[in-house]
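See below for the structure under consideration.
Just so it is clear: chains get the letters A, B, ... in the order the sequence lines come, proteins before strands, and each one is counted from 1.
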Amino acid sequence: MSLRIVVCVKYVPDATGDRHFAEDLTVDRDDVDGLLSELDEYAVEQALQIKEAADDDAEITVLTVGPEDAKDALRKALSMGADKAVHVEDDDLHGTDVMGTSLVLAKAVEETGYDLVIAGMASTDGTMGVLPAILAERLGVPQVTLLSEVSVEGGAGGVVKGRRDGDTASEQLEASLPAVVSVTDQSGEARYPSFKGIMAAKKKPVQSLDLDDLDIDAETVGLEGAWTKVDSATERPARTAGTIVKDEGEGGKQLAEFLAGQKFI
Amino acid sequence: MAEVLVYVDHVDGAVRKPTLELLTLARRIGEPVAVALGSGAEATAATLAEHGAVKVLTADAPEFADYLVVPKVDALQAAYDAVSPAAVLVPSSAEGKEIAARLAVRIESGIITDAVDLEAGDEGPVATQSVFAAAFTTKSRISKGTPVITVKPNSAPVEAAPAAGAVEALSVSFSAQATGTKVTSRTPRESTGRPELTEAAIVVSGGRGVNGAENFAIIEGLADSLGAAVGASRAAVDAGWYPHSNQVGQTGKSVSPQLYIASGISGAIQHRAGMQTSKTIVAINKDAEAPIFDLVDYGVVGDLFEVVPQLTEEVKSRKG
Ligand SMILES: Cc1cc2nc3c(=O)[nH]c(=O)nc-3n(C[C@H](O)[C@H](O)[C@H](O)COP(=O)(O)OP(=O)(O)OC[C@H]3O[C@@H](n4cnc5c(N)ncnc54)[C@H](O)[C@@H]3O)c2cc1C
Ligand SMILES: Cc1cc2nc3c(=O)[nH]c(=O)nc-3n(C[C@H](O)[C@H](O)[C@H](O)COP(=O)(O)OP(=O)(O)OC[C@H]3O[C@@H](n4cnc5c(N)ncnc54)[C@H](O)[C@@H]3O)c2cc1C
């Protein structure tokens with residue numbers, strides 16, 4: 001049977017835009033342009049490479065949980081070469097925390113059918129970096145995360161191997177499929193969608209699911225169902241303007257003087 | 001008094017500094033009970049006791065090193081079941097966050113990651129997070145279950161607070177998932193003799209302006225004169241000039257030292273995300289318009305190849 005790959009992608013506010021919070025302390029996703037989280041492009045890229053290495057005997061589904069506009073993220077992934085998309089969208093999902101999001105993703109992955117789930121190392125907005133581990137826990141399959149190199153051997157019933165560069169050591173990992181993988185930005189540059197890819201993406205199927213379809217009780221997700229509560233969000237005061245000098249031959253010495261004044265020397 | 005579980009990050013019994021900082025925070029909300037796993041676990045007890053651990057639960061088994069993450073989750077859960085703590089605190093390393101997150105699912109609790117401060121509150125501990133590349137500060141708490149919170153390095157002072165630190169063996173039975181992901185080989189990272197990047201009081205970083213691997217010797221020279229760790233921007237890492245383990249920023253390490261010195265780094269948002277909470281920021285850049293200058297306490301507009309060596313010499317002569 002051909003390898004079923006599900007890639008989890010998140011639609012996030014542009015990090016170079018003016019990101020801020022809405023009145024209910026959730027991320028304001030209306031005022032700032034959104035896009036496919038750059039770190040999830042690496043996940044799409046690795047899925048495509050695994051498919052190519054399997055002589056195309058694989059099917060790649062991209063999956064997102066997010067608002068209407070999150071379709072843009074799916075389109076981008078489809079134009080890079082993914083085969084189809086699943087969009088979980090429901091007004092009751094507004095304000096969901098990581099526990100709720102992972103519950104929804106786990107159900108949607110099971111509904112879609114999978115041998116391999118590939119996620120990014122972290123989103124560029126929440127930046128928790130834990131969702132893939134939680135997904136593995138919920139699905140009860142091996143967690144092979146934070147890989148800078150990944151390969152699959154033996155197709156759907158095979159194994160996934162990869163390299164994880166940790167704090168104190170670099171580890172080679174191996175697990176049987178089905179499994180959940182996450183890849184880092186060291187795994188290899190993501191391709192740009194070609195013109196042909198962009199045109200083809202318009203015809204690829206995007207399935208929409210809501211909480212009912214996934215048999216999830218609305219009370220377990222959203223702002224009300226969250227297991228965490230944000231009490232306040234304050235803009236960090238701008239740093240007070242520092243001293244800037246132009247080097248006229250004594251710049252290093254002037255800097256040393258400053259550091260000495262601050263007791264660093 | 002309520003007990004607070006503290007997950008210990010150690011290398012063969014040597015406790016890493018962020019764990020000692022966690023003990024300081026744990027004492028604000030209860031009595032710290034430490035959990036140390038793997039080879040050298042018992043050797044951690046003396047240091048942990050000096051910093052406030054009333055008990056040190058230890059376990060060692062080959063599974064901790066031979067399989068990824070899950071055996072440690074099983075052990076932390078065993079400790080949780082044994083202690084019924086008021087909160088669980090874990091260092092915000094990549095592995096620490098994954099362990100904490102899986103525990104949270106199992107005990108049906110909410111999780112907060114990357115806290116930079118923690119206080120006791122009427123409705124449980126209140127965590128401060130620095131978000132959107134440090135443009136905002138949020139205060140949050142956990143509203144269901146036992147708070148599971150991961151805390152970034154340099155978020156609290158290390159304090160001496162002698163306590164009993166009684167060692168107790170923790171009995172762990174591994175779950176079916178424990179052996180799911182095998183570690184088939186491990187290559188330890190070579191030590192540079194410099195301080196650990198995330199723990200260092202001073203970080204000296206170089207970017208694309210350093211213009212070549214060989215030129216990083218200039219950055220290292222300044223770092224060594226100050227006893228600092230060396231960091232790099234992604235541009236410098238991607239060019240192959242410095243190892244990825246030294247990258248500072250969103251997809252590298254997040255640092256919060258007393259002093260951060262950026263040379264030849266423009267200050268892109270993703271770089272700022274990893275260093276903006278540093279106490280004092282200094283930059284050397286030949287472009288007066290570089291965004292890094294918006295952050296600095298002191299900036300020198302100039303050529304790093306002139307300024308950095310002069311600074312290094314001056315530091316050395318002042319230190320004698
Ligand atoms: C600034 C900020 C701080 C937050 N802090 C917390 C917190 O402490 N605790 C908490 O419970 N919630 C928190 N949240 C909410 C949390 O970010 C969301 O629930 C989110 O969907 C999951 O976390 P993440 O984006 O950080 O995921 P990460 O764990 O960083 O994501 C890793 C990977 O999971 C996949 N993924 C993540 N989200 C989705 C999605 N919606 N659809 C498809 N794939 C996805 C992607 O492949 C991604 O690369 C925070 C949100 C923000 C904006
Ligand atoms: C998803 C994502 C994640 C990312 N994660 C990270 C991350 O973790 N860390 C990170 O750093 N970046 C990250 N980036 C990349 C980031 O956007 C920037 O591209 C990067 O930080 C630029 O590095 P730089 O400042 O060294 O290079 P540049 O932006 O090219 O700046 C070089 C600077 O050096 C100065 N200069 C040149 N020569 C000299 C000289 N002789 N003397 C003095 N100054 C000189 C120039 O004036 C310039 O300001 C990420 C990007 C994305 C999209």
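- Across every non-hydrogen atom of A:Ile134 and B:Ala101, the tightest pair is CG1-CB, 3.6 Å.
- A distance of 10.0 Å separates CD in B:Glu314 from CG in A:Leu255, rounded to the nearest 0.5 Å.
- Atom CG of A:Asp97 is separated from atom NZ of B:Lys144 by 10.5 Å, given to the nearest 0.5 angstrom.
- Heavy atoms closer than 4.5 Å to chain A are found in the side chain of B:Arg16, but not in its backbone.
- For A:Arg138, the part lying under 4.5 angstrom from a heavy atom of chain B is the side chain only.
- In this structure, no portion of A:Val160 lies under 4.5 Å from any heavy atom of chain B.
- Along residues 258-265 of chain A, the residues that come nearer than 4.5 angstrom to chain B, judged on non-hydrogen atoms, are A:Phe258, A:Leu259, A:Ala260, A:Gln262, A:Phe264, A:Ile265 in order of number.
- Among residues 216-228 of chain A, the residues having any heavy atom closer than 4.5 Å to a heavy atom of chain B are, in sequence order, A:Ala226, A:Trp227, A:Thr228.
- When the salt bridge (Lys or Arg N to Asp or Glu O under 4.0 Å) test is applied to A:Asp92, no partner is found at least two apart in sequence or on another chain.
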Evaluation steps, side chain to side chain donor-acceptor pair (under 3.5 Å), between B:Arg102 and A:Gln143 = CA-CA 11 Å; B:Arg102 294 188 70 136; A:Gln143 162 195 340; 2.7 Å; yes
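- Enclosure of atom CG in A:Asp215 is not indicated, since only 12 or fewer non-hydrogen atoms of other residues, nucleotides or ligands lie within 6.0 angstrom.
- Looking at B:Ile111, the atoms closer than 4.5 Å to chain A (heavy atoms on both sides) sit in the backbone and in the side chain alike.
- Going from atom NZ of A:Lys229 over to atom OG of B:Ser143 covers 8.0 Å, rounded to the nearest 0.5 Å.
- Highest contact tally toward chain B, considering only A:Thr145, A:Asp125, A:Leu173, A:Val245, is held by A:Val245 [criterion: heavy-atom pairs under 4.5 Å].
- In this structure, no portion of B:Glu313 lies under 4.5 Å from any heavy atom of chain A.
- Put simply, the side chain of A:Arg239 gets close to the backbone of B:Leu295: a donor and an acceptor are under 3.5 Å apart.
- Contacts with chain A were tallied for B:Ser109, B:Gly145, B:Ser245; B:Ser109 has the most, counting heavy-atom pairs under 4.5 Å.
- Neither the backbone nor the side chain of B:Lys316 comes within contact range of chain A, judged by heavy atoms closer than 4.5 Å.
- In terms of heavy-atom pairs under 4.5 angstrom with chain B, the leader among A:Pro13, A:Ala136, A:Gly129, A:Ala241 is A:Ala136.
- A:Gln186 has its side chain within reach of B:Asp238: a pair of non-hydrogen atoms, C-beta onward, lies under 4.5 Å apart.
- In this structure, the side chains of B:Leu311 and A:Gln254 stay at 4.5 Å or more apart for every pair of heavy atoms.
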Could you go through the salt bridge (Lys or Arg N to Asp or Glu O under 4.0 Å) check for B:Glu98 and A:Arg164 one step at a time?
-> CA-CA 14 Å; B:Glu98 293 184 332; A:Arg164 171 170 162 127; 3.0 Å; yes
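- Side-chain atoms of B:Thr181 and A:Glu174, non-hydrogen and from C-beta on, never get closer than 4.5 Å to each other.
- For the atom pair CG of A:Leu146 and CD of B:Glu95, the computed distance is 10.0 Å after rounding to the nearest 0.5 Å.
- Considering only heavy atoms from C-beta on, B:Thr251 comes within 4.5 Å of A:Leu39 through its side chain.
- With a threshold of 4.5 angstrom between heavy atoms, B:Val11 approaches chain A through side-chain atoms but not through N, CA, C or O.
- Note: A:Thr243 leads A:Asp247, A:Thr243, A:Thr240 in heavy-atom pairs under 4.5 Å with chain B.
- In this structure, B:Gln310 contributes its side chain and A:Gly249 its backbone to a donor-acceptor pair below 3.5 Å.
- Side-chain contact check for A:Val144 versus B:Leu68: every heavy-atom pair is 4.5 Å or farther apart.
- Proximity to chain A is limited to the side chain of B:Asp114, based on heavy atoms less than 4.5 angstrom apart.
- At distances below 3.5 Å, not a single donor-acceptor pair connects side-chain atoms of B:Thr138 with backbone N or O atoms of A:Ser232.
- The candidate from B:Thr113, B:Thr187, B:Thr150 with the greatest count of non-hydrogen atom pairs under 4.5 Å with chain A is B:Thr187.
- The shortest heavy-atom contact between B:Pro188 and A:Ala169 is CA-CB, 3.8 Å.
- Looking at B:Val300, both its backbone and its side chain come within 4.5 Å of chain A, counting heavy atoms on both sides.
- With chain B as the partner, the residue from A:Glu137, A:Arg236, A:Met121 showing the most heavy-atom pairs under 4.5 Å is A:Glu137.
- By number of non-hydrogen pairs under 4.5 angstrom with chain A, the leading residue of B:Thr280, B:Thr184, B:Leu259 is B:Leu259.
- If you measure heavy-atom distances from B:Glu108 to chain A, the contacts under 4.5 Å come from both the backbone and the side chain.
- Neither the backbone nor the side chain of B:Glu123 comes within contact range of chain A; no heavy atom of the residue lies under 4.5 Å from a heavy atom of that chain.
- The nearest pair of heavy atoms linking A:Met99 to B:Ala104 is CE-CB, 3.4 Å.
- Note on A:Asp167 versus B:Lys253: salt bridge recorded, some NZ/NE/NH1/NH2 to OD/OE distance being below 4.0 Å.
- Look at A:Glu171 and B:Lys182 and you find no salt bridge, because none of the NZ, NE, NH1 or NH2 atoms lies under 4.0 Å from a carboxylate O.
- The environment of B:Asp287 atom CG is dense: over 12 non-hydrogen atoms of other residues, nucleotides or ligands sit within 6.0 angstrom.
- With a 4.5 Å cut-off on non-hydrogen atoms, B:Val296 touches chain A through its backbone and its side chain both.
- When heavy atoms are compared at a cutoff of 4.5 Å, B:Ala100 does not approach chain A at all.
- With a 4.5 Å cut-off on non-hydrogen atoms, A:Val230 touches chain B through its backbone and its side chain both.
- Remark: B:Thr128 OG1 to A:Asp231 CG distance equals 10.5 Å, nearest 0.5 Å.
- Here ring-ring contact (aromatic ring centres under 6.0 Å, His included) pairs that include residues 12-44 of chain A, with residues two or more places apart or in two chains, are A:Phe21-B:Phe132, A:Phe21-B:Phe136.
- Considering only heavy-atom pairs separated by less than 4.5 Å from chain A, the leading option among B:Val73, B:Thr137, B:Thr312 is B:Thr137.
- Of the atoms belonging to A:Met128, heavy atoms from both backbone and side chain fall under 4.5 Å from chain B.
- Highest contact tally toward chain A, considering only B:Val70, B:Val301, B:Ile261, B:Val282, is held by B:Val301 [criterion: heavy-atom pairs under 4.5 Å].
- Using a 4.5 Å cut-off between heavy atoms, A:Leu25 makes no contact with chain B at all.
- Within the 4.5 angstrom heavy-atom criterion, no atom of B:Ile99 approaches chain A.
- The pair B:Arg189-A:Asp165 does not count as a salt bridge, with every side-chain nitrogen at least 4.0 angstrom from each carboxylate oxygen.
- When each of A:Gly126, A:Gly242, A:Ser170, A:Ala175 is scored by its heavy-atom pairs under 4.5 Å with chain B, the top score falls to A:Ser170.
- Using a 4.5 Å cut-off between heavy atoms, B:Ala133 touches chain A through backbone and side chain atoms alike.
- Only the side chain of B:Gln177 comes within less than 4.5 Å of a heavy atom in chain A; its backbone stays farther off.
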